[in-house]
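Step one of this worksheet: look at the structure below.
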Amino acid sequence: QVQLVESGGGLVQAGGSLRLSCAASGRSLSAYAMGWFRQPPGKERQFLARISWSTNSANYADDVKDRFTISRDNAKNTVNLTINGLKPEDTAVYYCAAGYRQISDRWTSVPYWGRGTQVTVSS
């Protein structure tokens, strides 16, 4: 079992930056891949980025890779998502996710979720 708690969302102006954090707890975290998804209003949950606990390997959805950076802090058991150049279309609930060894791009296949943190970008 993995428990995830997101923080860092809020209301920001377009063009700004934001860092979301996910605090993870549970056993054998090094065996889990961690990721971030988002769900814009009225849309399906979307994959953004994933990172391995045991390596520094990360990858991103094509449409966010230039502005989003996923990172982890093993000492604090946190995974962060930094978003630069925020746009109104980035408005969404952002979710932290975990999966044993890997995380699918399809949210329906991901077993562990946080409750989400709202990000609202004003123009």
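Only a predicted model underlies this, so the values are computations on that prediction, with no experimental measurement involved. Residues: numbered from 1 along the sequence shown.
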Take V119 and L20, measure what side-chain contact (heavy atoms from CB on, under 4.5 Å) needs, and give me the verdict at the end.
CA-CA 9 Å; V119 173; L20 307 180; 4.0 Å; yes
Do S122 and Q13 get their side chains close enough for a donor-acceptor pair, meaning under 3.5 Å?
no
What are the two closest heavy atoms between A31 and Y100, and how far apart are they?
CB-CE1, 3.6 Å
Are any side-chain N or O atoms of T117 and backbone N or O atoms of G9, one a donor and one an acceptor, separated by less than 3.5 Å?
yes
What pairs with Q46 under side-chain hydrogen bond (donor to acceptor under 3.5 Å, both in side chains), at least two apart in sequence or on another chain?
R38
In terms of heavy-atom contacts, A14 and S123 come closest through CB-CA, 4.3 Å
Just by distance, do the side chain of Y60 and the backbone of I70 share a donor-acceptor pair under 3.5 Å?
yes
Among the clusters formed by ILVMFWY side chains lying less than 4.5 Å apart, do I103 and Y94 turn up in the same one?
no
Side chains of F68 and T82: closer than 4.5 Å at any heavy-atom pair?
no
Would you please test F47 and N59 for side-chain contact (heavy atoms from CB on, under 4.5 Å) and show each step?
CA-CA 11 Å; F47 168 75; N59 53 58; 4.0 Å; yes
Please name the pair of heavy atoms, one in C22 and one in M34, separated by the smallest distance, quoted to 0.1 Å.
SG-CE, 4.3 Å
Give the minimum heavy-atom separation between L48 and V64, together with the two atoms involved.
O-CG2, 3.6 Å
Interatomic spacing from OG in S25 to CD in Q1 - rounded to 0.5 Å
10.0 Å
Is there a path of hydrophobic side-chain contacts, each under 4.5 Å between heavy atoms of I, L, V, M, F, W or Y residues, that connects Y32 with I51?
yes
In terms of side-chain heavy atoms, does T78 have a donor or acceptor partner in D73 at a distance below 3.5 Å?
no
L18 side chain reached by L86 side chain, heavy atoms, under 4.5 Å
yes
Rounded to the nearest 0.5 Å, the CG atom of D90 sits from the CG atom of N84 at a distance of 10.5 Å
Backbone N/O of I83 and side chain of R67: donor-acceptor pair under 3.5 Å:
no
Q118 side chain reached by T91 side chain, heavy atoms, under 4.5 Å
yes
Sidechain-backbone polar pair: E6 side chain, G116 backbone, donor-acceptor under 3.5 Å
yes
Does K87 have any salt bridge (charged side-chain N to carboxylate O under 4.0 Å, His left out) partners at least two apart in sequence or in another chain, and if so, which?
none
Would you kindly confirm whether V2 and Y95 end up in one hydrophobic cluster when ILVMFWY residues are joined by side chain heavy atoms under 4.5 Å apart?
no
Pairs satisfying salt bridge (charged side-chain N to carboxylate O under 4.0 Å, His left out), at least one member in residues 98-122, at least two apart:
R50-D105
Taking the six-membered ring for Trp and the single ring otherwise, decide whether the centroids of F37 and W113 are under 6.0 Å apart.
yes
What distance do E89 atom CD and D63 atom CG have between them, rounded to the nearest 0.5 Å?
10.5 Å
